[in-house]
Amino acid sequence: MLAKPLTLSAPGKAILHGEHAVVHGKAALAVALNLRTFLQIRPSNNGKVLICLPNIGTSLNWETVRLRTLLTAFSDGLDESKSPSPEQMDALKEFAGITTGLSTTESLGTLAFLYLYLSISAKYGQIPSVEIVVWSELPTGAGLGSSAAYSVCLAAALLTACGAIGCPLEEEKSVVRWPEEELDLINRWAFRGEQVIHGKPSGVDNSVATWGGVLRFQSGKITSLKRVPTLRILLTNTKVSRSTKILVAGVKDKILKFPAIMNPVLASIDAISHECENVLEAMAESPSQEYYPVLEELFDINQHHLNVIGVGHSSLDSVCRVTATHGLHSKLTGAGGGGCAITLLRPDTDPLMVEAARQDLSACGFECWETSIGAPGICLHSLSSLKAEVLHVFNSV
Ligand SMILES: Nc1ncnc2c1ncn2[C@@H]1O[C@H](COP(=O)(O)OP(=O)(O)O)[C@@H](O)[C@H]1O
Ligand SMILES: C[C@@](O)(CCOP(=O)(O)O)CC(=O)O
Ligand SMILES: [Mg+2]
């Protein structure tokens, strides 16, 4: 099906409000970042499937005839809204030898790939021999949705390779996107990849990676915010590693243990997301400095709530404390437990103050950078439009 190599990319995300609560049916507001995961898929004629993941130092390959033996176990889930079953995951773990030594990071990335490859192959009756390289500008396991960007790229590439969606790349265009119904299909398959990596994802991360921009997400309903103000955000990576899957499971346990205490906290986080959305709309309507204290206060309140539900970390407390000494407000973003925090900057925040905050954060061993928000979702790239750094990765593996 695949006639020539294709290169595609999907963005990471930052959650402004609603992480974790969104897993329990509350609203979240999320923005696509200008940090992306890139995937190149090439047709191959050696009867093998190769996946190379330079970010996690993994390169694996399998004969398609061996993969074919697993197809029947995946053909019962031909509906893309079905979830991976424990039996399917056990079969994949055994096949990939995961009991014998791959780390969690490597194993989840590999399992998500095998799961999507086999499920999409079973559904569309193709078992393509391909080479796939995935490389990301995003730190993995840091709260910026690397798992979703990875799943969205894999779903789009495999659906294209199996002929389930078209390849809309026109020679003269440098970047193109799929039509809406194909984006919807990509998003639904990517959600299944996220299920392998997260256990019980809400779907917000794969939705942002697919659709891009700024979204409200609640119980599977995706609403693109059409008019949003330009927000300046400082991202800080504490470099404390954590796993979304474990943190999401921990919150569930806490809710089961203390429902009367935790449910009001989730309801309050929901109210914060709605309040923030109203403020963003009002800001887009009539820009004014008066809204910033409200946005800052919402960051502070939500950060306390996230500590209450057990996803804080001393490194994240440090980010909040250090930025507060410069008059700035921060909260964790994504699953927490380490990973990244976001700090709101005002349009007129003095660059010297931002620099001073950055230096203090770097002195704590953190890495920080200012980012723009509202990047486009999954898209196909012509080779000539790729940055030299990305081309270098693809040419060297
Ligand atoms: N570029 C990548 N290459 C390989 N695996 C990846 C890549 N990006 C993400 N992953 C997988 O996603 C996992 C991280 O997902 P998660 O814990 O949800 O954190 P986050 O989504 O915040 O980065 C990694 O351990 C890895 O298995
Ligand atoms: C905690 C959660 O709300 C976001 C997780 O984001 P990340 O994997 O930490 O980037 C989980 C989810 O929505 O699936
Ligand atoms: Mg994730």
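Note that ligands are numbered from 1 as they come in the structure, with each ligand's atoms numbered from 1 the same way.
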Original post:
Angle at the Mg ion (ligand 3) between NE2 of His198 and OG of Ser147, to 10°?
Top reply: 90°

Original post:
So is Gly141 in contact with ligand 1, going by heavy-atom distances below 4.0 Å?
Top reply: yes

Subject >> Lys/Arg-Asp/Glu bridge criterion (N-O < 4.0 Å) met for Glu367, Arg358 >> reply: no

**OP:** May I ask you to identify, for Glu194, whether its side chain, its backbone, both or neither come under 4.0 Å of ligand 2 on a heavy-atom basis?
**Re:** neither

Subject >> atom 12 (O) of ligand 1: the protein heavy-atom neighbour that sits closest, reported with distance to 0.1 Å >> reply: Ser147 CB, 3.6 Å

**OP:** With heavy atoms only and a cut-off of under 4.0 Å, state how Val23 meets ligand 2: side chain, backbone, both or neither.
**Re:** side chain

**OP:** Within a distance under 4.0 Å of any heavy atom of Ser136, pick out the atoms of ligand 1 and give their elements.
**Re:** 1 (N)

**OP:** May I ask you to check whether Val22 has an N/O atom sitting below 3.5 Å from an N/O atom of ligand 2?
**Re:** no

Original post:
Salt bridge or not for Glu281 and Arg227, using N-O below 4.0 Å?
Top reply: no

Subject >> Contacting atoms of ligand 1, where contact means under 4.0 angstrom from a heavy atom of Leu108 >> reply: 27 (O)

Original post:
Taking both backbone and side-chain atoms of Lys13, is any N or O found less than 3.5 Å from an N or O belonging to ligand 2?
Top reply: yes

Original post:
Should the proximity of Ile56 to ligand 1, defined as any heavy atom under 4.0 Å, be assigned to the side chain, the backbone, both, or neither?
Top reply: side chain

Original post:
Does a donor on one side chain sit under 3.5 Å from an acceptor on the other, for Thr323 and His329?
Top reply: no

Subject >> ligand 1 atoms in contact with Leu144 (distance to a heavy atom under 4.0 Å) >> reply: 22 (O)

Original post:
Measuring from the heavy atoms of Lys245, does anything fall under 4.0 Å of ligand 1?
Top reply: no

Subject >> For Thr244, the ligand 2 atoms whose distance to one of its heavy atoms is below 4.0 Å >> reply: 5 (C), 7 (P), 8 (O), 9 (O)

Original post:
Of the choices Ala335, Gly337, Gly143, which has the non-hydrogen atom that lies closest to atom 22 (O) of ligand 1?
Top reply: Gly143

Original post:
Phe217 pairs by side-chain contact (heavy atoms from CB on, under 4.5 Å) with which of Asn206, Ile15, Val22?
Top reply: Val22

Original post:
Going by distance alone, is a donor N or O of one side chain under 3.5 Å from an acceptor N or O of the other, for His198 and Asp205?
Top reply: no

Original post:
How far is atom 27 (O) of ligand 1 from its nearest protein heavy atom, and which residue and atom is that?
Top reply: Thr105 O, 2.7 Å

Original post:
If we ignore angles and hydrogens, is there a donor and acceptor under 3.5 Å between the side chains of Gln40 and Arg42?
Top reply: yes

Original post:
Just which atoms of ligand 1 are under 4.0 Å from any heavy atom in Gly109?
Top reply: 27 (O)

Subject >> Proximity to ligand 1 by part of Asp205, non-hydrogen separation under 4.0 Å >> reply: neither

**OP:** If you have a sec, work out which protein heavy atom is nearest atom 9 (C) of ligand 1 and how many Å separate them, to one decimal?
**Re:** Ser146 OG, 3.1 Å

Subject >> Per-residue contact class, His198 against ligand 1 - non-hydrogen pairs under 4.0 Å >> reply: side chain

Subject >> Under 4.0 Å to a heavy atom of His198 - the qualifying atoms of ligand 2, by number >> reply: 5 (C), 8 (O), 14 (O)

Original post:
So among Gln195, Arg192, Lys200, which one has a side-chain hydrogen bond (donor to acceptor under 3.5 Å, both in side chains) with Ser83?
Top reply: Gln195

Subject >> Nearest-neighbour protein heavy atom for atom 13 (C) of ligand 1, which is reported as residue plus atom name and distance >> reply: Ile197 CG2, 3.9 Å

Original post:
Does the side chain of Thr238 pick up a donor-acceptor pair with the side chain of His313 at under 3.5 Å?
Top reply: no

Original post:
Can you tell me the protein heavy atom closest to atom 13 (O) of ligand 2 and the distance?
Top reply: Ser202 OG, 2.6 Å

Subject >> Nearest-contact summary for atom 4 (C) of ligand 2 - protein heavy atom, Å >> reply: Ile15 CD1, 3.9 Å

Original post:
Quick one: do the Thr343 and Ser330 side chains pair a donor with an acceptor below 3.5 Å?
Top reply: yes

Original post:
Where on Asn55 is there a heavy atom closer than 4.0 Å to ligand 1, on the side chain, on the backbone, on both, or on neither?
Top reply: side chain

**OP:** Please lay out, stage by stage, how Lys387 and Glu137 fare under the test salt bridge (charged side-chain N to carboxylate O under 4.0 Å, His left out).
**Re:** CA-CA 12 Å; Lys387 293 187 275 194; Glu137 298 169 330; 2.3 Å; yes

Original post:
Taking only heavy atoms of Pro201, which atoms of ligand 2 are found under 4.0 Å from at least one of them?
Top reply: 14 (O)

Original post:
Going by distance alone, is a donor N or O of one side chain under 3.5 Å from an acceptor N or O of the other, for Ser174 and His381?
Top reply: no

**OP:** Give a yes/no on ligand 2: does Arg242 have at least one heavy atom closer than 4.0 angstrom to it?
**Re:** yes

Subject >> ligand 1-proximal atoms of Ala142, by part, heavy-atom distance under 4.0 Å >> reply: backbone

Original post:
Which ligand 2 atoms are under 4.0 Å away from a heavy-atom of Gly334?
Top reply: 6 (O), 9 (O)

